[in-house]
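Read the structure below first, then the notes.
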Amino acid sequence: MKYISLILLITLTSCSALLASGNPEKTALDKAILKIISYPAFAKESRIQGFVLVEFEVDVEGHVRVKQMNASHPALSEYVRTQLEKMLLKDIDSIGIHYAKFYFRHMGS
């Protein structure tokens with residue numbers, strides 16, 4: 001049930017900037033996240049592919065806390081959690097709850 005709720009929340013919330021959709025109007029939060037979350041080397045080497053759905057909160061001090069996650073692979077989930085929780089978003093007006101989905105795919109031979 002949690003999985004379905006999280007998917008519905010993410011589907012109903014616009015996260016297109018986090019999907020690298022080519023939208024030129026990315027928010028400052030989207031840009032900050034995309035700067036630190038990319039296809040990790042360990043996943044490329046092992047050809048791990050998948051998705052991570054995440055609900056996270058940014059507090060008044062700019063700290064990020066992951067509230068819920070669902071992922072197709074536990075290593076991708078841990079990678080996204082670690083990357084998000086080490087962020088400090090003091091200069092970005094992003095206080096509150098946010099939703100994102102990340103797709104990790106091996107491109108090439």
- Task: Applying side chain to side chain contact (heavy atoms under 4.5 Å, CB included), run through Val54 and Gln68 and close with a yes or a no.
- Result: CA-CA 6 Å; Val54 62; Gln68 290 187 67; over 6 Å; no

For [X], what residues pass the side-chain contact (heavy atoms from CB on, under 4.5 Å) criterion, not counting sequence neighbours?
{"X": "Ala28", "answer": "Ile92"}
{"X": "Ile97", "answer": "Glu55, Glu57, Lys67, Tyr99"}
{"X": "Ser77", "answer": "Met69, Ala71"}

Membership question, hydrophobic clusters at under 4.5 Å side-chain separation (ILVMFWY): are [Y] and [X] in the same one?
{"X": "Leu88", "Y": "Ile36", "result": "no"}
{"X": "Phe42", "Y": "Val52", "result": "yes"}
{"X": "Leu53", "Y": "Tyr103", "result": "yes"}

- Message: Could you measure the distance from the OG1 atom of Thr82 to the CE atom of Met87? Nearest 0.5 Å is fine.
- Response: 13.5 Å

- Query: Say you draw a straight line from CZ of Phe56 to CZ of Arg65; how long is it, rounded to the nearest 0.5 Å?
  - Reply: 12.5 Å

- Inter- and intrachain pairs under salt bridge (Lys or Arg N to Asp or Glu O under 4.0 Å), touching residues 34-46, at least two apart: none

Identify the two heavy atoms, one from [X] and one from [Y], that lie closest to each other, and give their separation to 0.1 Å.
{"X": "Gln49", "Y": "Tyr39", "answer": "CG-OH, 4.0 Å"}
{"X": "Ser94", "Y": "Leu29", "answer": "CB-CD2, 4.1 Å"}
{"X": "Leu89", "Y": "Ala32", "answer": "CD2-CB, 4.1 Å"}

- Message: Filter on ring-ring contact (aromatic ring centres under 6.0 Å, His included), then keep only pairs touching residues 61-85, sequence neighbours left out; what's left?
- Response: none

Within a strict 4.5 Å, meaning less than it, do heavy atoms of the [X] and [Y] side chains meet?
{"X": "Phe102", "Y": "Ile33", "answer": "yes"}
{"X": "Ile37", "Y": "Val80", "answer": "yes"}
{"X": "Pro40", "Y": "Phe104", "answer": "yes"}

- Message: For Glu85, give me all partners under side chain to side chain donor-acceptor pair (under 3.5 Å), at least two apart in sequence or on another chain.
- Response: none

- For Lys86, what residues pass the side chain to side chain donor-acceptor pair (under 3.5 Å) criterion, not counting sequence neighbours? Gln83

- Message: Can you list everything that forms a salt bridge (charged side-chain N to carboxylate O under 4.0 Å, His left out) with Glu78? Sequence neighbours excluded, please.
- Response: none

